[in-house]
Amino acid sequence: MIFYFTGTGNSLAAAKAAAQPGEQLVSIAAARQKGEFRYTVPAKEPVGFVFPEYFATVPIAVIEFIRRLELRHGGYVYAVITSGGGRHHGDGLLRRELAARGITLSRVFGVHMPDNAVLYFKAPDARKTETLLRRARLKCGEIRRAVRHRECKPVRGGLFASVMQPVYRKMNTTRPFLAEDTCTGCGKCARNCPDHAIRMANGKPFWQKTHCTLCNACINRCPVQAIQYGKDTKNRGRYVHPDLR
Ligand SMILES: Cc1cc2nc3c(=O)[nH]c(=O)nc-3n(C[C@H](O)[C@H](O)[C@H](O)COP(=O)(O)O)c2cc1C
Ligand code: SF4
Ligand code: SF4
């Protein structure tokens with residue numbers, strides 16, 4: 001069983017590519033919405049957690065899911081962290097959060113993928129995107145084989161990701177989000193938001209929560225690029241994994 005969290009599709013694609021044949025994928029966003037936190041996984045099956053790196057730490061949605069998770073299993077538990085910079089820092093924090101639920105993490109893998117953080121950086125161009133996605137597919141194949149062989153490696157990582165949590169939780173305001181007049185009122189942003197932070201009102205999106213996981217799905221996945229985050233996101237382009245386009 002793989003628990004995945006994604007904003008723009010990279011981590012979903014990584015989860016699918018790293019999955020064993022027939023392995024079940026569980027969306028953390030959907031599970032939180034339905035209040036489904038109890039799972040039983042047969043001892044011979046691996047359990048994976050696949051999610052993106054945010055601010056050198058673990059997404060709030062993933063931490064909040066794990067804190068309520070009741071997982072009965074007897075087997076191998078691993079994680080895959082996708083990142084735009086190719087480095088991941090959430091290992092130690094994830095290990096501690098899982099240990100608090102009685103779950104031992106055996107291995108963490110990293111996958112370098114296109115950077116979706118258009119709130120801060122320009123989206124990668126088509127060529128860079130294609131190269132990164134090709135390499136990521138190969139890496140996920142290696143991960144699938146390593147998981148099949150239950151490869152373990154001590155999960156290191158100190159306190160850096162824990163130190164970054166308060167920084168992240170200061171940055172995750174929704175206040176700068178706005179929809180321009182080109183918005184067609186399709187409601188996709190509200191439907192795609194894993195935090196239910198967006199509500200449609202009079203045919204336009206309204207950010208009803210003051211803070212969110214900041215997954216960048218709304219801004220990247222708007223079909224007409226009507227969403228901005230303050231003044232700087234206009235010319236940054238947008239990124240969505242091809243499977244979600
Ligand atoms: C708010 C935010 C913060 C991010 N911070 C980092 C970071 O600290 N380091 C990094 O390498 N990538 C960072 N990224 C990039 C994502 O980790 C990367 O693009 C990831 O593959 C996106 O996964 P998804 O498509 O499943 O949402 C950040 C993305 C967002 C939206
Ligand atoms: S996805 Fe874009 S066009 Fe659709 S409602 Fe949201 S802002 Fe408007
Ligand atoms: S409001 Fe936008 S950035 Fe925040 S969680 Fe929802 S989709 Fe992600």
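Whatever order the structure lists them in is the order used to number ligands and atoms, beginning at 1.
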Student: List every atom of ligand 1 that sits less than 4.0 Å from any heavy atom of Pro52, numbering the atoms from 1 in the order shown and giving each element.
Tutor: 17 (O), 20 (C), 22 (C), 23 (O), 27 (O)
Student: For atom 25 (O) of ligand 1, what is the nearest protein heavy atom, given as residue, atom name and distance?
Tutor: Thr8 OG1, 2.5 Å
Student: Counting only heavy atoms, tell me which of Phe51, Tyr54, Tyr239 gets closest to atom 3 (C) of ligand 1.
Tutor: Tyr54
Student: Run the numbers for me: atoms of ligand 2, each under 4.0 Å from some heavy atom of Pro223, listed by number.
Tutor: 1 (S)
Student: Who's the nearest protein heavy-atom neighbour of atom 19 (O) of ligand 1, and how far?
Tutor: Pro114 O, 2.8 Å
Student: Return each pair, listed once, that meets side-chain hydrogen bond (donor to acceptor under 3.5 Å, both in side chains) where at least one residue sits in residues 48-70; pairs must be two or more places apart or across chains.
Tutor: Arg32-Glu64, Arg38-Glu70, Glu53-His89, Thr57-Gln165, Arg67-Glu97
Student: Would Glu53 count as a contact residue for ligand 1, given that I'm defining contact as a non-hydrogen atom of the residue lying under 4.0 Å from a ligand atom?
Tutor: yes
Student: Listing residue and atom name, which protein N/O/S atoms are closer to atom 8 (Fe) of ligand 3 than 2.8 Å?
Tutor: Cys215 SG
Student: Backbone, side chain, both or neither: what part of Ala217 comes under 4.0 angstrom of ligand 1, heavy atoms only?
Tutor: neither
Student: Would you mind checking which non-hydrogen protein atom is closest to atom 27 (O) of ligand 1, with the distance to 0.1 Å?
Tutor: Gly7 N, 2.7 Å
Student: Which option, Cys186, Cys189, Ala179, owns the non-hydrogen atom nearest atom 6 (Fe) of ligand 2?
Tutor: Cys189
Student: I'd like to check which ligand 2 atoms, numbered from 1 as shown, lie under 4.0 Å from a non-hydrogen atom of Gly187.
Tutor: 4 (Fe), 5 (S)
